[in-house]
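Numbers here are sequence positions counted from 1.
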Amino acid sequence: MLHFDALARFGHALSDSTRTRILLSLRAGPGYPSDLAERIGVSRQILSNHLACLRGCGLVVAVPEGRRSRYELADPRIAAALGDLVGLVLAVDPACCPESATEGCC
């Protein structure tokens, strides 16, 4: 049943819109917490809590760079999976999201 647990973790990560936005932002490339917080529109503390959750789920990793850490997806296949999920949701129900959903906000 390890597959069930893995999918449940992924589902938990996607169940929160802030975590989903973080993952979609990191899909475009690595980012620093301060930049991610600004881009997503949340405080650094909130972002930090969500990054801790995503690290715990094994979806993102922190790469130390001196006194800072850069965050990136733990595996490039996560980016592909997110793209596939957005494409699937929009194919099944194109009215589910505003037009900007095609840019990954859904």
*Does D16 offer a backbone N or O that forms a donor-acceptor pair with the side chain of T20 under 3.5 Å?*
yes
*Residues two or more places apart in sequence or in another chain: which of them pass salt bridge (Lys or Arg N to Asp or Glu O under 4.0 Å) with R70?*
E65, E72
Extract all donor-acceptor atom pairs below 3.5 Å that involve side chains of residues 50-63 and protein atoms in other chains or at least two apart in sequence.
{"unit_1": "H50", "atom_1": "ND1", "unit_2": "R19", "atom_2": "NH1", "d": "3.4"}
{"unit_1": "R55", "atom_1": "NH1", "unit_2": "Y71", "atom_2": "OH", "d": "2.9"}

_With a sphere of 6.0 Å drawn around CZ of R44, does it hold more than 12 non-hydrogen atoms of other residues, nucleotides or ligands?_
no
*asked:* Please check this pair: side chain of S15 against backbone of H12, looking for a donor-acceptor N/O pair closer than 3.5 Å.
replied: yes
*Which heavy atom of L47 sits nearest a heavy atom of P33, and at what distance?*
CD2-O, 3.0 Å
_Just to verify, what does R77 make a salt bridge (Lys or Arg N to Asp or Glu O under 4.0 Å) with, not counting sequence neighbours?_
D75
*asked:* Just to verify, which of L88, L90, V89 counts as forming a side chain to side chain contact (heavy atoms under 4.5 Å, CB included) with V92?
replied: L88
*For N49 and T18, what are the C-alpha separation, side-chain angles and deciding distance, and is it a side chain to side chain contact (heavy atoms under 4.5 Å, CB included)?*
CA-CA 10 Å; N49 292 338; T18 300; over 6 Å; no
_Any non-hydrogen side-chain atom of F10 less than 4.5 Å from a side-chain atom of D5?_
no
*Are L26 and Y32 linked, directly or through other ILVMFWY residues, by side chains that come within less than 4.5 angstrom of each other?*
no
